[in-house]
Amino acid sequence: MNGAPSGRDTAIPDGTWKDGTWEDGTWEELVTTALLGTDRRAPAHVPPGRTAPAALLDAAAVATVRRRAGLRPGRAAHRPERAPADPRPPLPAAAARRLTTLLADRSGGTGGGRRGSTPDLMELLPQWLAAANARGYAAPPQALPALLDAARGRTDLRPAALAFAGPRALWLARLNPDWRFALRAAPGGGAALPDTEDAEAVRRLWREGLFAERAALLGALRARTPERGRDLLASTWATERAEDRLMFLDSLRTGLSDADEPFLEQALGDRSRNVRATAADLLSALPGSALAARMAVRATACVALDRTGDAPAIVVEAPLECDADMERDGVVATPPAGRGERSWWLGQLVESAPLGTWPRRLGGRTPEEIVALPVTDGWQGELHAAWCRAAVRQRDAAWSRALLGSPSAPEAGGPGAVSLAERAKLLAALGPEDRAAWVAGFIATHGLSEAFQLLGVCAVPWAPPLGRAVVDALDIAREAGSYPWSFSGVMGLAERCLDPAEATRLETLLSIPDEPEDAAPGAGGYWAEAFQRLVTTLRLRAEMARELMPPAGPEEGGAQPPDAAG
Amino acid sequence: MTEQGVRWTAEQVLALAPDAASRKAGSKLGVAGPWSGTGSGEGTVWGLCKGSGSRPYQTVVDLAGATGPGYKCSCPSRKFPCKHALGLLLLWAGDEDAVPAGERPPDWAGQWLAGRRGREEARKTRGEEGSAGGAADPEAARRRAERRAERVTAGATELEQRLADLLRGGLAAAEQTGYGWWDETAARMVDAQAPGLAARVRELGAVPASGAGWPARLLEECALLHLLDQGWLRRAGLPDALAATVRSRIGLPAAPDGPPLRDRWLVLAQYDVVDPKLTTRRIWLHGAGSGRTRQVLSYGAAGRAPELSLPVGLALEAELTTYPGGGRARAALGERFAAPAPAAFRPPGTTTAEAAARYGEALRDDPWLESVPVTLDRVIPVPDGDRWQLADADADTALPLTGPARSRPGLWRLVALSGGAPVTVFGECGHRGFTPLTAWPEGTGEAVPLC
């Protein structure tokens, strides 16, 4: 054990860290001897007075310390490119900390059991992301792994999470197979796209880019200058593959206008049936288009006013055949199983005809009057359902309102069998205020049990009348003595969507009331807990919004967007 | 006690949590909703938290204590700190309006604080007296130490014999014996009151199952164990510092005996090593004035978090006293003169070549050393097949990351923080490679814990 070398001696080969072993003849020799045992194979050198195993261990100890002391860095592997710069301003410090807490809650979000009185942080992540994106902040780099993990687990979070995560997240995703999904998703963040004003860069990306990049580019152009997007698509239309044509054509939905008609009309003659159907679908959303006019002619031939009876009524004569012209205009000839051909064709004609056709055809009546007319021979369901689809597609507020009817009507919604899902779609065609007012009226009459889907289409935060209606209905449910978990869906929505300013109004609901005799046992306490969570969540949301406010710097105004309510 | 601008960050507060469940529960309470009557002043924070019962819990935290943060809560939880204390600190960290500063504590909090401060004073006085008359019976203590040394010697001799038998029969045969032989040998070392030897022997039992290259690793560790035995048996001939190192590696108790070094200590890293019976918290500190890097250990019995917690990125004005042996890297935290507060400075960094050289040099004082603390400046995380390295930005050299470091989530935080650009990384550099513990981005920016 003498002469422990310093490891700096030039005679000793420098080792580097490789698989935790050391390539060296002497060392290999020692390991072999140790493996076999000194009884079978004597060490090379045994000093007098030492046993063979001790001599082996002495030599191995010297070699081990010598190797460790002589370790040198290895050669650097090929370095990754630098992540593209993220020009967005950094998050304010408090908001960055909030993000960490929201993401840290992810792990146990699905844990079962009662929800207790504390907020469900994971549920607030989507609106936090939306608010941060609206203000155009960059994500803190060290938060990206947790953000990508969250987006990996929840597909609904992906668009907002990836937009917020920005270009560095895509850079990161290339290094970790767990995050491949981020590369597959369209890089809609805009940061990777060229300036849409730079015509040459746009053309180059359109010619050479990957599908996702091209789709993102087209989407960005349609959102700002729709005609440039369409011209770009038209320039390469003939050479695109059928599935790409379909996806690109569908993106014309953004910024759709009459100017797109010639292009769409030409796409009606496309080789691919799906492309034709999409073109027809888009054209029928343009009431002034030639296709819409052709559909109007066909549809009005089937629907007429019958004045022969005591009161005027609508008579329906469904088409007898689906000819080639109809098919070219996007009518699907073969009905799904279980549906009659003629009613299937009728539905498609009415759905694609401009709604403005009907007042002229039916004696100058308003949409309300038309919807109120009786329909003969049991055609009402079919006809009203087609009008609903038309109102949704053409985003016609007057027809939507007529078909929805009065929210306080006993069977609220249209006189026809309009399902909750259809009502929700019709509501989307109304302005945010009308929508909130209609749903508020609905809740005031019908309570909360059917309201969940309708609440989902209302603008966040809820307008004051709607918020009040929901809170009042919850209060009524509490006084009725049932358990709060029958309303957990609406409660969860309220936590996310109520205006945080409502928190003060809710204070009075936090106390545990005396239990009425017929109440479910303990319900009062659970309600207090549920309202506690609601109030706490609202406060938290108010705070989250405050943290995301840009710091009041010396240069006020300028590039910052006006303060959007959130 | 300075009050301005010393609010901690949420990460720093969450680092106090004893476990993941507490972190989560505490996060949920870190909002204004359930809290009332909150306030802070002179390094303490207090508030009332509404729980499921009719009376709110009274929670108070003392961050300025000389022996580390203290917590008091009227809740029945046995977690320490409980979720209410964590929630209160989070609220305090995140929202200056929710927990106003410069207040006077209410009576219920004030009483506890006064009692705590009183006990601290008493402990300090007692400590001073204790060190004066500490060796109450030096003769008895010397006899006890002698008896123990005899046992350790018997243990080390027996271990030498067992190692010799092992190598006579060959390591290939040891592969078949499994853990049993090692466990039995470890138990013998426990009996011999040599816990350091016992721990090493127990770890050896796992080497044959550790994959390709195990014979070389097993031989290395057997050789170092042999070296330690020999060091003990011939300690009389060793220089004092090396003899102290051998004693501490064997596992004999030692008291910190270095001169107290007062400095502004930056918390570089804090991580727990969890054992079924014991949780060991390792905290690396860097002195702003002295430039020294020291490790402070804190222990928690099974399932309990160690009491000492120093969140990364804070700096505290305190005295450290080093332990003998091991190059005097380990220290005990003595008196603290101010509550930990966020600090903007970073430790000075070096290159990968210098880091490797430092480890080599440190082996002179302690050949059993696994790694040394090093701050690397201007390094880039680089993928190397299925491994990772930290490559110098300005040279063609790189240190590989250790196996455990590759599988931690901290690796990805490091890679994301860098984005292909040079970063500053503090970690442990040893014969297995580099384990990153904390990183700082290029330019300015806060420390990002990686462990």
Side-chain angles (χ1 to χ4, degrees), chain A residues 1 7 17 19-22 27 30-31 34-40 51 53-54 56-57 60-61 64-65 68-83 94 97-98 100-101 104-105 107-108 117-119 121 141-142 144-145 168 171-172 175-176 532 535-536 539-540 543, chain B residues 9-11 23-24 27-34 93-95 163-164 167-173 213 215-217 219-220 222-224 226-227 230 352-353 356 359-360 363 367 380 382-384 389 391-392 396-400 409 412-413 415-417 419-421 431-433 441 448:
Chain A
M1 297 259 334
W17 287 263
D19 302 324
T21 61
W22 190 42
W27 175 249
L30 290 172
V31 173
L35 261 177
L36 295 173
T38 53
D39 280 355
R40 258 170 251 153
T51 62
L56 174 62
L57 285 169
T64 299
V65 178
R68 292 184 179 183
L71 280 170
R72 289 289 173 276
R75 284 185 74 79
H78 180 69
R79 289 175 185 149
E81 270 176 57
R82 279 206 184 202
R97 287 196 287 275
R98 179 71 59 196
T100 310
T101 352
D105 195 48
S107 44
S117 64
T118 49
L121 296 181
Q142 64 270 27
L144 293 179
R168 187 174 289 213
W171 176 90
L172 202 57
L175 297 170
N176 188 338
Q532 173 76 59
V535 170
T536 310
R539 291 236 173 83
L540 188 62
E543 199 166 309
Chain B
T9 67
E11 288 89 348
R23 246 193 308 278
K24 197 172 157 220
S27 302
K28 292 190 170 184
L29 286 172
V31 293
D95 187 350
L163 284 175
L167 283 158
R168 239 176 236 120
L171 298 180
R217 285 196 293 278
L219 178 59
E220 280 195 344
C222 285
L224 289 176
H226 166 71
L227 186 64
Q230 292 294 323
T352 59
Y359 172 63
L363 288 176
I380 305 169
V382 174
D384 178 21
Q389 10 170 275
D392 286 296
D396 192 28
T397 43
L399 287 174
W412 289 104
R413 280 206 293 279
V415 175
L417 186 73
H431 62 94
R432 290 173 212 279
V448 176

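So you know, we letter chains A, B, ... as the sequences are listed, proteins then strands, and number each from 1. Note that the structure is a prediction, hence the values are computed from the model and not measured. Side chains are part of it too, since the values below use all heavy atoms of this structure and drop only hydrogens, waters and symmetry mates.
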**OP:** Could you look at B:Val415 and say if it's the side chain, the backbone, both or neither that has a heavy atom under 4.5 Å from chain A?
**Re:** both

Original post:
Would you say the side chain of B:Trp412 lies within less than 4.5 Å of the side chain of A:Leu144, judging by non-hydrogen atoms?
Top reply: no

Subject >> Spacing of CG belonging to B:Leu227 relative to CG belonging to A:Leu57, to within rounding of 0.5 Å >> reply: 10.0 Å

Original post:
Should A:Leu30 and B:Glu220 count as side-chain neighbours, where that means a heavy-atom distance under 4.5 Å?
Top reply: no

Original post:
Hey, does B:Pro409 have a side-chain heavy atom less than 4.5 Å from the side chain of A:Pro145?
Top reply: no

Subject >> Proximal component of B:Ile380, with respect to chain A [non-hydrogen, under 4.5 Å] >> reply: side chain

Original post:
Which atoms of A:Arg79 come close to chain B, meaning under 4.5 Å heavy atom to heavy atom: side chain ones, backbone ones, both, or neither?
Top reply: both

Subject >> Close side-chain approach of A:Arg75 to B:Thr397, heavy-atom, < 4.5 Å >> reply: no

Subject >> Region of A:Val65 that comes under 4.5 Å of a non-hydrogen atom in chain B >> reply: both

Subject >> Heavy-atom contact with chain B under 4.5 Å, split by part of A:Glu81 >> reply: backbone

Subject >> Closest heavy-atom pair and its distance - B:Leu363, A:Ala69 >> reply: CD1-N, 3.5 Å

Original post:
Quick one: what part of A:Arg68 sits under 4.5 Å from any heavy atom of chain B, side chain, backbone, both or neither?
Top reply: both

